[in-house]
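Since we're looking at a predicted model, the values are computed, not measured.
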Amino acid sequence: MSMGGARPLHPGRWLGVPLLISVLATVVFAAPIRIYGLQLPEPVFAMVPAFAWALIRPSILAPFALLFLGLFLDVFWGGATGLWGLSLLVAYATALAGRNMMTGQSRPIMWAWFSGVTGVAMIAGFLFTMLDSLAMPSLLAVFWQFLVTALLFPFAHRLIDRFEDADVRFR
């Protein structure tokens, strides 16, 4: 097999490694570090694999990994159990539904798609939080979290580029 040819897609490489990186990045950015009185932003790093996995390869494993990742976020951030798991599954389903339209698009268009999928997940999380707590979360906080999460697109693009042609059975 040549170096440029398609290789089998091992779940540990395209699911496990991004999952661990998302967990580690979440923990690092939650550290109580203040610079000029400002705390580090807390983007939803799990949105990167939620978007990329839907485009790389439709799989039964990815939603379970996202559910696990979302439950980790719920426990780590102290939120309602199932909030981020459900929100990440909504993001995955949205990206999966638009997969055919996204294939072959330019980088700025893909960034717009990533931002749209992130927006759908944030709105879903906002609505789920409202239904659970019967109170409205801060719109400004949700907007800032959306903004810093949307800036993570280069990582999603890198993940997609790395594994996009790894398994030609799904092309």
Side-chain angles (χ1 to χ4, degrees), residues 14-34 38-102 105 108-160:
W14 75 280
L15 285 172
V17 173
L19 188 136
L20 288 175
I21 290 172
S22 296
V23 167
L24 289 174
T26 299
V27 170
V28 167
F29 272 70
I33 298 171
R34 293 200 178 269
L38 299 173
Q39 189 173 345
L40 290 174
E42 288 192 22
V44 183
F45 288 99
M47 198 63 63
V48 170
F51 180 77
W53 288 342
L55 298 181
I56 293 171
R57 175 181 176 188
S59 169
I60 194 68
L61 295 175
F64 286 108
L66 287 173
L67 185 61
F68 171 77
L69 197 52
L71 291 175
F72 164 78
L73 292 176
D74 293 334
V75 170
F76 187 76
W77 285 337
T81 304
L83 169 71
W84 281 111
L86 189 55
S87 298
L88 290 173
L89 289 176
V90 166
Y92 180 81
T94 304
L96 194 59
R99 181 175 190 254
N100 290 336
M101 292 182 282
M102 289 185 237
Q105 296 293 329
I109 299 299
M110 289 296 287
W111 202 325
W113 273 103
F114 180 76
S115 298
V117 167
T118 301
V120 167
M122 293 290 178
I123 290 169
F126 179 83
L127 293 174
F128 298 147
T129 302
M130 273 182 34
L131 289 172
D132 182 52
S133 67
L134 300 176
M136 191 165 114
S138 168
L139 285 172
L140 187 59
V142 173
F143 172 74
W144 283 116
Q145 191 170 34
F146 161 76
L147 191 61
V148 296
T149 302
L151 292 175
L152 295 175
F153 172 73
F155 299 107
H157 190 266
R158 169 96 168 104
L159 185 59
I160 292 166

Do the side chains of [Y] and [X] get nearer than 4.5 Å, heavy atoms only?
{"X": "Leu55", "Y": "Met102", "result": "yes"}
{"X": "Phe114", "Y": "His157", "result": "no"}
{"X": "Val27", "Y": "Phe72", "result": "yes"}
{"X": "Pro43", "Y": "Phe29", "result": "yes"}
{"X": "Gln145", "Y": "Phe126", "result": "no"}
{"X": "Thr81", "Y": "Leu71", "result": "yes"}
{"X": "Phe51", "Y": "Trp113", "result": "yes"}
{"X": "Trp53", "Y": "Pro18", "result": "yes"}

Identify the two heavy atoms, one from [X] and one from [Y], that lie closest to each other, and give their separation to 0.1 Å.
{"X": "Ala91", "Y": "Ala50", "value": "CB-CB, 4.4 Å"}
{"X": "Ala46", "Y": "Leu73", "value": "CB-CD1, 4.0 Å"}
{"X": "Asp74", "Y": "Ala80", "value": "CG-O, 3.2 Å"}
{"X": "Ile56", "Y": "Leu159", "value": "CD1-O, 3.8 Å"}
{"X": "Pro63", "Y": "Tyr92", "value": "CG-CE2, 3.7 Å"}
{"X": "Pro49", "Y": "Leu66", "value": "C-CD2, 4.5 Å"}

Expected output: side-chain Trp144 to main-chain Glu42 donor-acceptor under 3.5 Å: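 Checked: no pair found.
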
Got a donor-acceptor contact below 3.5 angstrom from the Thr149 side chain to the Val44 backbone? yes

Under 6.0 Å from the CZ atom of Phe128, do we count more than 12 heavy atoms belonging to anything else shown?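 Yes.
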
With a sphere of 6.0 Å drawn around CZ of Phe76, does it hold more than 12 non-hydrogen atoms of other residues, nucleotides or ligands?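 Enclosed.
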
Calculate, to the nearest 0.5 Å, the distance between atoms [atom1] and [atom2] belonging to [X] and [Y] respectively.
{"X": "Leu83", "Y": "Leu88", "atom1": "CG", "atom2": "CG", "answer": "9.0 Å"}
{"X": "Leu24", "Y": "Leu19", "atom1": "CG", "atom2": "CG", "answer": "10.0 Å"}
{"X": "Met136", "Y": "Leu127", "atom1": "CE", "atom2": "CG", "answer": "11.0 Å"}
{"X": "Ile123", "Y": "Ser87", "atom1": "CD1", "atom2": "OG", "answer": "11.0 Å"}

Among Ile21, Val48, Ile160, side chain to side chain contact (heavy atoms under 4.5 Å, CB included) partner for Phe155: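 Output: one option passes, namely Val48.
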
Using 30° and 60° as the class boundaries, would you call the ring planes of Trp84 and Trp77 parallel, tilted or perpendicular?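 Perpendicular.
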
Anything under 30° is parallel, anything over 60° is perpendicular, the rest tilted; go ahead and classify Phe146 against Phe143. tilted

